[in-house]
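Accompanying notes for the structure given below.
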Amino acid sequence: MALGRSYREAKGETAGGAASEEPLLRVEGLSKRFQGVLALRDYRLSLRAGEILGVIGPNGAGKTTLINLLSGFLKPDAGRILFRGWDLTRIPTHRIPALGIARTFQNLRLFPSLTALENVLVAMTVQHPPGVLSTLFGFGPWGRRWQALRDQGMALLEQMGIAHLAERPAGALSYGDQRRVEIARALALQPQLLLLDEPTAGLHPEESEALIEQLARLHRERRIAILLVAHDMPVVMRFCPRLHVLNSGALLAEGTPEEIRNHPLVLEAFLGRPRGSRAA
Ligand SMILES: Nc1ncnc2c1ncn2[C@@H]1O[C@H](COP(=O)(O)OP(=O)(O)O)[C@@H](O)[C@H]1O
Ligand SMILES: [Mg+2]
């Protein structure tokens, strides 16, 4: 199917559309330039509901730019981002989370003096406007809903294995646990697509392993689509059945971890091996 169908068509409301084949996310011709730097060029991507895709590449490859574009933090210079039929490039940034896309940040962006639970509850303002803030501060006619929201927030922390840290200031938690709060906060938006920007960066190998294990469990339970960006190869190789390799803003290769490990262009670009030679 060609790009550029209307929302009605994308939802299968017109005759002849194979709606069930329409991916959750479809990106084509996506480009973003910063002054002289082409951070992303003519990138394409297709992701089905519930699918996991890993995007790997060296520093400066354009991975964070991709997440910024998909989450609406940046608008592209060219290309389209179709999510559930919506062209996100035409939708105001603040509306995008409510459509079902949540993200985390390479550099953590929590409210350090709020508790872990409060960080999650604040995110719920997107899903439950407008009463949550008044609820948080104990006034307004929201008393009963307050308890329900707290319960939901606690369930998310529980899912990330940090319910026991709910009342601690986020800034006092270990780096790995702050990452967990950030993921719980993203889940509070009830996304269909979760964008994770280097979730294991700065973690020790055992911590990375534990976090990835938790993400895998989360995915089994919730079946949300996940786009995980990383340069930590073992992590993505284990978690992601399908990979994209970005290099200098361009899609260099795609395939299974096994295919990527032996891909001649990848070997040449990242390991300095000439084409045709085999991985050790
Ligand atoms: N806001 C920005 N202003 C100027 N240049 C940027 C900006 N964001 C990213 N870049 C540049 O775009 C390229 C890709 O960056 P980025 O997407 O952060 O890569 P990655 O996340 O893969 O390390 C880099 O050359 C980077 O310096
Ligand atoms: Mg980055």
Side-chain angles (χ1 to χ4, degrees), residues 23-27 30 32 39-40 43 45-57 61-76 79 81-84 86-89 91-112 114 116 119-127 153 156-157 159-160 170 175-203 211-212 214-216 218-219 222-232 235-236 239-240 244 246:
L24 179 71
L25 174 70
R26 184 209 293 250
V27 170
L30 198 63
K32 180 69 188 177
L40 203 64
Y43 179 73
L45 158 71
S46 178
L47 194 69
R48 293 189 309 276
E51 194 183 357
I52 298 176
L53 177 75
V55 178
I56 59 176
K63 305 182 299 297
T64 295
T65 300
L66 173 62
I67 286 196
N68 283 337
L69 290 167
L70 295 179
S71 56
F73 279 67
L74 289 174
K75 292 298 175 191
I81 303 170
L82 291 176
F83 178 72
R84 298 166 60 206
W86 298 98
D87 184 352
L88 297 188
T89 63
I91 288 177
T93 305
H94 68 278
R95 293 245 167 90
I96 290 179
L99 295 181
I101 297 184
R103 67 169 295 175
T104 65
F105 293 87
Q106 187 168 351
N107 304 309
L108 286 159
R109 290 196 193 175
L110 293 171
F111 299 106
L114 294 186
N119 268 280
V120 174
L121 292 174
V122 166
M124 289 175 169
T125 54
V126 175
Q127 284 296 82
L156 291 168
L157 293 176
Q159 189 153 34
M160 293 310 297
Y175 202 57
D177 288 334
Q178 291 191 43
R179 289 266 176 221
R180 289 180 171 84
V181 175
E182 219 195 6
I183 295 167
R185 187 176 65 177
L187 293 173
L189 303 175
Q190 301 182 348
Q192 295 178 38
L193 172 61
L194 180 60
L195 307 169
L196 300 173
D197 195 351
E198 309 245 8
T200 60
L203 300 187
L211 184 59
I212 286 297
Q214 235 157 7
L215 287 174
L218 183 83
H219 180 258
R222 293 187 170 236
R223 285 286 149 199
I224 50 182
I226 297 179
L227 189 145
L228 181 143
V229 151
H231 64 256
D232 185 348
V235 164
V236 276
F239 181 61
C240 307
H244 273 194
L246 272 183

Under a 3.5 Å distance rule, please check whether [X] uses its side chain to pair with a backbone N or O of [Y] as donor and acceptor.
X	Y	answer
Lys63	Ala230	no
Glu51	Arg48	yes
His219	Gly50	yes
Arg84	Leu25	no
Lys32	Leu66	no
Glu182	Phe105	yes

Shortest non-hydrogen contact from [X] to [Y]?
X	Y	answer
Leu189	Pro97	CD1-CB, 4.1 Å
Ala186	Ala102	O-CB, 3.3 Å
Ala61	Leu246	CB-O, 3.5 Å
Ser71	Ile101	CA-CG2, 4.5 Å
Arg180	Met160	CD-O, 3.1 Å
Leu157	Ala184	CD2-CB, 4.0 Å

Could you check if a side-chain atom of [X] sits within less than 4.5 angstrom of a side-chain atom of [Y], using non-hydrogen atoms only?
X	Y	value
Leu215	Ile52	no
Ile91	Leu99	yes
Pro199	Leu211	yes
Leu195	Thr104	no
Arg103	Asn68	yes
Leu114	Val122	yes
Val236	Val55	no
Gln106	Ile67	no

How many angstroms lie between atom [atom1] of [X] and atom [atom2] of [Y], to the nearest 0.5 angstrom?
X	Y	atom1	atom2	value
Arg26	Leu45	CZ	CG	10.5 Å
Leu228	Cys240	CG	SG	5.0 Å
Leu187	Gln159	CG	CD	6.5 Å
Asn119	Arg109	CG	CZ	13.5 Å
Leu194	Leu227	CG	CG	9.5 Å
Ile224	Leu193	CD1	CG	8.5 Å

Next item on the list: Under the side chain to side chain contact (heavy atoms under 4.5 Å, CB included) rule, what do Leu69 and Tyr43 come out as? Steps first, then yes or no, please.
Entry: CA-CA 11 Å; Leu69 290 167; Tyr43 179 73; over 6 Å; no
Next item on the list: Can you run down the salt bridge (charged side-chain N to carboxylate O under 4.0 Å, His left out) pairs that involve residues 186-195, sequence neighbours left out, and say none if there aren't any?
Entry: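 Non-adjacent pairs meeting salt bridge (charged side-chain N to carboxylate O under 4.0 Å, His left out): zero.
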Check: With a cut-off of 6.0 Å (strictly less than), are more than 12 heavy atoms of other residues, nucleotides or ligands near CZ of Phe73?
Finding: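 Enclosed.
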Item checked: Check against side chain to side chain contact (heavy atoms under 4.5 Å, CB included), Ile226 and Phe239 -> CA-CA 10 Å; Ile226 297 179; Phe239 181 61; 3.9 Å; yes
Next item on the list: Kindly determine whether Val229 and Leu196 satisfy side chain to side chain contact (heavy atoms under 4.5 Å, CB included), including the steps that lead there.
Entry: CA-CA 6 Å; Val229 151; Leu196 300 173; over 6 Å; no
Notebook entry, point to check: So, Thr64 versus Asp197: side-chain donor-acceptor pair below 3.5 Å or not?
Noted result: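 Result is yes, a qualifying pair exists.
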